[in-house]
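Everything quoted here is computed from the prediction, not taken from an experiment.
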Amino acid sequence: MKKIYQYILLAVAMVATASCSNELDDTLQPVENGTLQFVVGDFPAFGEGTQTRAIGTQDEGKIAWENGDQIIVTLISQKYGEQAAALTYNGSSWSTEASLSYLENETPSISVFYAPCYEVTEEGTMQLRSGMQLGMTEYLSGNYEIENGIMTITFEGAIRTYSRLRIVGLPNHTLTVTTTDFTPAGATEVATAAYTLTTDDNGNAFLYGVFAEGATVSVRQGDITLKDYTFTAEKNPNGTEHNKSYALDATPVIDGTLGGKTEATEDDITALVEQLKAYVDNGITTIIVPGSEPALIEMDSWTNTAIGEAIYRLSKEESYNGKIDLILPDVTEIFDQEFHSARALNSITLPKVTKLADQAFYGTLYLRTITFGSVITEVNELGAIFNQVGYKVGGCDLILNCGQMNESNVPAPDLTNNIWKFKFENEFKSITLTHTGECDECKSNQ
């Protein structure tokens, strides 16, 4: 009679290293004969260069097992045909209710891999998970050995035969990504369908596979094209390298300098207004405007920045009230009346601003939050800078650098009554401090 080996996949003994509780050692533990035993090493990290890491929030990729991870084992037996089983990690052990069988005198064909885009059905067959496509996740093959009725699986030393593209956008946004000459991880042919990807809390979305020399990738949000890129022979001869991570910055930005202009024209402002509308209409409400020397436009009695004037004009359409979260990462001062009556603003973040001019935020009725990352050292207030800020939304929250409490050239805010008084009392819904080590409290705790 032919002997049948049936491997019931049970929880495996694991030895954790001192450095990380979910990393598995490569030392086998004695178990019952007939048990499928796993020895799973750390995942090899993707290599990212200095320039790549500087784009967005760097993500080293998977390096250790996490709760809920699955490994898929497929086995083809001459007698029992093709079988598949998924082993699930619960944070300390692997388990499954499935079984794999083959005859004693045959050599089955076995594959093991980590591929989150796949699942195993109740019938023991593999299929893509709902909403998943090859290329959306890793597809990493492991190694195995069978000896004395025990199967050992390891991913230690596993080599990725694909690269990773980290697409950087705004956090938790849905992107449409189209490619040419891109072969997804786990596939043998180039992808033809577009991908729908959602960025994580850090703004990252990923594609796994190989981009050939001359391959292209286009990133859109709604009708807005955020980035087009070609893997040229000059930059990527022979295409992308295996086991290497690439970063593509698809963050929606508006150039505050308008391409290095000193003066903006009426046509420039009209174009900016239309660009703002298109962004907001397509769900892009966080508007990042880089440039330390923004383009300026001469108005009747004052000079405004191009972006300030564009947001003011957009604000004349009520449907855009309180829609924009504006980030000006590079400017160091806010001009006279720059955001006067800019009702389209919901929040504004100013990491480097140290100088405020007269009526800078006067009448921003829907502005809920103002964040200053640096200490304000100069204020020019003839009329109230913050008059009626947040008036239509129950007030505005003001966030200041804690060093503001020690600044001698500008009065300190009244944190108890939420008032910041210069020439006029500017009242806020709340005033809070971001502790950066500059205030007395921070220094006393050092």
Exercise. Keeping the roles fixed (side chain from Glu213, backbone from Asn238), state whether a donor-acceptor pair exists under 3.5 Å.
Key: yes

Quiz prompt | Check: Val120 main-chain N/O paired with Gln127 side-chain donor or acceptor under 3.5 Å | solution = no

Quiz item: Have Thr125 and Glu123 got a donor and an acceptor in their side chains that come within less than 3.5 Å?
Solution: no

Self-check item: Heavy-atom donor-acceptor pair, Thr199 side chain to Ala205 backbone, under 3.5 Å
Solution: no

Quiz prompt | N/O donor-acceptor pair under 3.5 Å between Thr364 side chain and Leu367 backbone | solution = no

Quiz item: Parallel under 30°, tilted from 30 to 60°, perpendicular over 60°: which one fits the rings of Phe231 and Tyr246?
Solution: perpendicular

Quiz item: Is there a side-chain contact between Ile327 and Ile287, using heavy atoms and a 4.5 Å cut-off?
Solution: no

Quiz prompt | Stepwise side chain to side chain contact (heavy atoms under 4.5 Å, CB included) test for Leu415 and Met405 | solution = CA-CA 10 Å; Leu415 302 181; Met405 303 304 294; 4.1 Å; yes

Quiz item: Which class fits the ring pair Phe372 and Phe386: parallel under 30°, tilted 30 to 60°, perpendicular over 60°?
Solution: perpendicular

Quiz item: Would Arg313 and Glu266 pass as an ion pair if we require N to O under 4.0 Å?
Solution: yes

Quiz item: Looking at side-chain heavy atoms only, is the closest gap between Leu400 and Thr432 below 4.5 Å?
Solution: no

Self-check item: Modelled atom types, side-chain donor and acceptor of Glu138 and Tyr162, under 3.5 Å
Solution: yes

Exercise. Step by step, work out the salt bridge (Lys or Arg N to Asp or Glu O under 4.0 Å) result for Glu293 and Lys261.
Key: CA-CA 9 Å; Glu293 297 182 1; Lys261 285 187 175 183; over 6 Å; no

Quiz item: Is the backbone of Ala278 close enough, under 3.5 Å, to the side chain of Asp281 for a donor and an acceptor to pair up by distance?
Solution: no

Quiz prompt | Donor on one side chain, acceptor on other, Ser347 and Asp325, under 3.5 Å | solution = yes

Quiz prompt | Side chain Asn401, main chain Gly403, donor-acceptor under 3.5 Å | solution = yes

Practice problem: For the residue pair Thr176 and Thr196, confirm or rule out a side-chain donor-acceptor distance under 3.5 Å. | Solution: no

Quiz item: Does the Gln83 side chain pair with the main chain of Gly124, one donor and one acceptor, at a distance under 3.5 Å?
Solution: no

Practice problem: Return yes if some donor-acceptor pair links the side-chain N/O of Thr230 with the main-chain N/O of Thr216 below 3.5 Å, else return no. | Solution: no

Exercise. Under the side chain to side chain contact (heavy atoms under 4.5 Å, CB included) rule, what do Ile284 and Ile224 come out as? Steps first, then yes or no, please.
Key: CA-CA 9 Å; Ile284 304 172; Ile224 303 297; 4.2 Å; yes

Exercise. Could you tell me whether the side chain of Arg343 and the main chain of Asn321 form a donor-acceptor pair under 3.5 Å?
Key: no

Exercise. Could you check if a side-chain atom of Thr179 sits within less than 4.5 angstrom of a side-chain atom of Leu207, using non-hydrogen atoms only?
Key: yes

Exercise. Classify the side-chain pair Ser245/Arg164 by whether it contains a donor and acceptor separated by less than 3.5 Å.
Key: yes

Quiz prompt | Chi angles and distances behind the side chain to side chain contact (heavy atoms under 4.5 Å, CB included) call for Phe206, Asp59 | solution = CA-CA 10 Å; Phe206 303 93; Asp59 187 309; 3.8 Å; yes

Practice problem: Return yes if a side-chain donor-acceptor contact under 3.5 Å exists between Asp249 and Thr251, otherwise no. | Solution: yes

Quiz item: So which of Thr369, Ile399, Asp397 actually passes side chain to side chain contact (heavy atoms under 4.5 Å, CB included) with Ser430?
Solution: Asp397

Exercise. Tell me yes or no: between the side chains of Thr270 and Asp267, is some donor less than 3.5 Å from an acceptor?
Key: no

Self-check item: Pair Glu338-Thr305, side chain to side chain donor-acceptor pair (under 3.5 Å): steps then yes or no
Solution: CA-CA 7 Å; Glu338 182 169 352; Thr305 63; 2.8 Å; yes

Quiz item: Side chains of Leu128 and Tyr118: closer than 4.5 Å at any heavy-atom pair?
Solution: yes

Quiz item: Are a donor atom and an acceptor atom from the side chains of Glu241 and Ser163 found within less than 3.5 Å of each other?
Solution: no

Quiz item: In terms of side-chain heavy atoms, does Ser218 have a donor or acceptor partner in Asp228 at a distance below 3.5 Å?
Solution: yes

Quiz item: Which is it for Lys277 and Leu314 under the side chain to side chain contact (heavy atoms under 4.5 Å, CB included) test, yes or no, and what are the steps along the way?
Solution: CA-CA 8 Å; Lys277 285 183 179 180; Leu314 177 68; 3.5 Å; yes

Quiz item: Less than 4.5 Å apart, any side-chain heavy atom of Cys402 and any of His435?
Solution: yes

